[in-house]
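A, B, ... follow the sequence lines: proteins, then strands. Residue 1 opens every chain. Worth knowing before you read on, the calculation uses all heavy atoms, side chains too, and leaves out hydrogens, waters and symmetry mates.
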Amino acid sequence: MKSEPDAFGLEDLKSRPKQTEPWDGVRNYQARNFMRDRMKVGDQVFFYHSNCKVPGIVGIAKVASKPYPDPTQFDPDSKYYDPKSDPDEPRWTLIDVKFVRDLKRTLSLAEIKDHADALGDFALVRKGNRLSIMPVSESQWDYLLGLENQ
DNA sequence: GCCAACGTTGGC
DNA sequence: GCCAACGTTGGC
C-alpha cells in the first residue's frame, strides 16, 4: 500500500492510538477492489512511501478490519467527498490498517527495480503503474523480505 | 460508444 | 518543476 509520507507515513501509523488507521480516500476502482475482494483480516501488507526523497518499502502493516464503507465519501467537507455515491449502496470501501514493524532498512524503488527479473510480474515495477494498492504474491513477499537483511 | 480534454500520480 | 502514463469526464 502506497502512502505519501508528507501526508500520512509509517511514523504516523505507528503513533496512532492502537496504531491503526482507516485507509480512506482511495478513489480508484482497481485499488478499491483489492481492499474489498482480496484483503483478509490478518493479511500482511508492505507499507510503501511514494512521492518522497527515497520512494520505497519502509515497513509492514496488516489488515485490521473487514471492508466497510469509507465515511469520507459522504462528508461534504472532505476532499474525498463523492456526491455520486449512494448511501444505500456505497461506492467506496476501505479496510483498517495496523502497524506491525519498521523494516530494518528501506527497500528503495531503485533497488526493487534491480530485482525486477526475480520478482516476475510485479505491479510496482510495471511501467507507468500508479495503483496505490497492489497485490504481492507469497514468493514476491518472501523475496522482498529477504532483501531486508542484505 | 468514441475520443479529446483534462486532472492526477509519482518518479526523476 | 517537469512530464509520461494513466483514469475520468463529457460532448457529440
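How far SG of A/C52 is from CD of A/E4: 8.5 Å, rounded to the nearest 0.5 Å.
Of the residues in residues 44-59 of chain A, those with a non-hydrogen atom less than 4.0 angstrom from any atom of DNA chain B are A/Y48, A/S50, A/N51, A/P55. Taking every heavy atom of residues 108-121 of chain A and every atom of DNA chain B, pairs under 4.0 Å involve A/L109, A/K113, by number.
Atom CG in A/L124 sits roughly 8 Å away from atom P in B/dG11 (whole-Å rounding).
Between A/K127 and C/dA5, a side-chain N or O to OP1/OP2 separation shorter than 4.0 Å is present.
None of A/R16, A/K98, A/K62 except one satisfies the salt bridge (charged side-chain N to carboxylate O under 4.0 Å, His left out) rule with A/E21; the exception is A/R16.
Under a 4.0 Å N-O distance rule, the pair A/E89/A/K84 does not qualify as a salt bridge. At a threshold of 4.0 Å, the pair A/D82-A/R91 counts as salt-bridged, since one of the basic side-chain nitrogens sits closer than that to a carboxylate oxygen.
In the model, A/S139 has a side-chain atom that pairs as donor or acceptor with a side-chain atom of A/S137 under 3.5 Å.
The list of side chain to side chain donor-acceptor pair (under 3.5 Å) pairs with a residue in residues 66-78 of chain A, not counting sequence neighbours, reads A/R27-A/D70, A/R27-A/T72, A/Y68-A/D96, A/D70-A/T72, A/Q73-A/S85.
Ring planes of A/F46 and A/W141: parallel class, angle under 30° (limits at 30 and 60°).
Listed by chain and number, the residues in a side-chain contact (heavy atoms from CB on, under 4.5 Å) with A/E11 are A/K14, A/D102 (sequence neighbours excluded). The ring-ring contact (aromatic ring centres under 6.0 Å, His included) test applied to A/Y80 returns no partner, not counting sequence neighbours.
Taking the six-membered ring for Trp, A/W92 and A/Y29 have ring centres closer than 6.0 Å.
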Quick one: which protein N/O atoms are closer than 3.5 Å to N/O atoms of nucleotides 7-10 of chain C? Pair and distance per line, please.
| from | atom 1 | to | atom 2 | distance (Å) |
| --- | --- | --- | --- | --- |
| C/dG7 | O4' | A/R130 | NH2 | 3.2 |

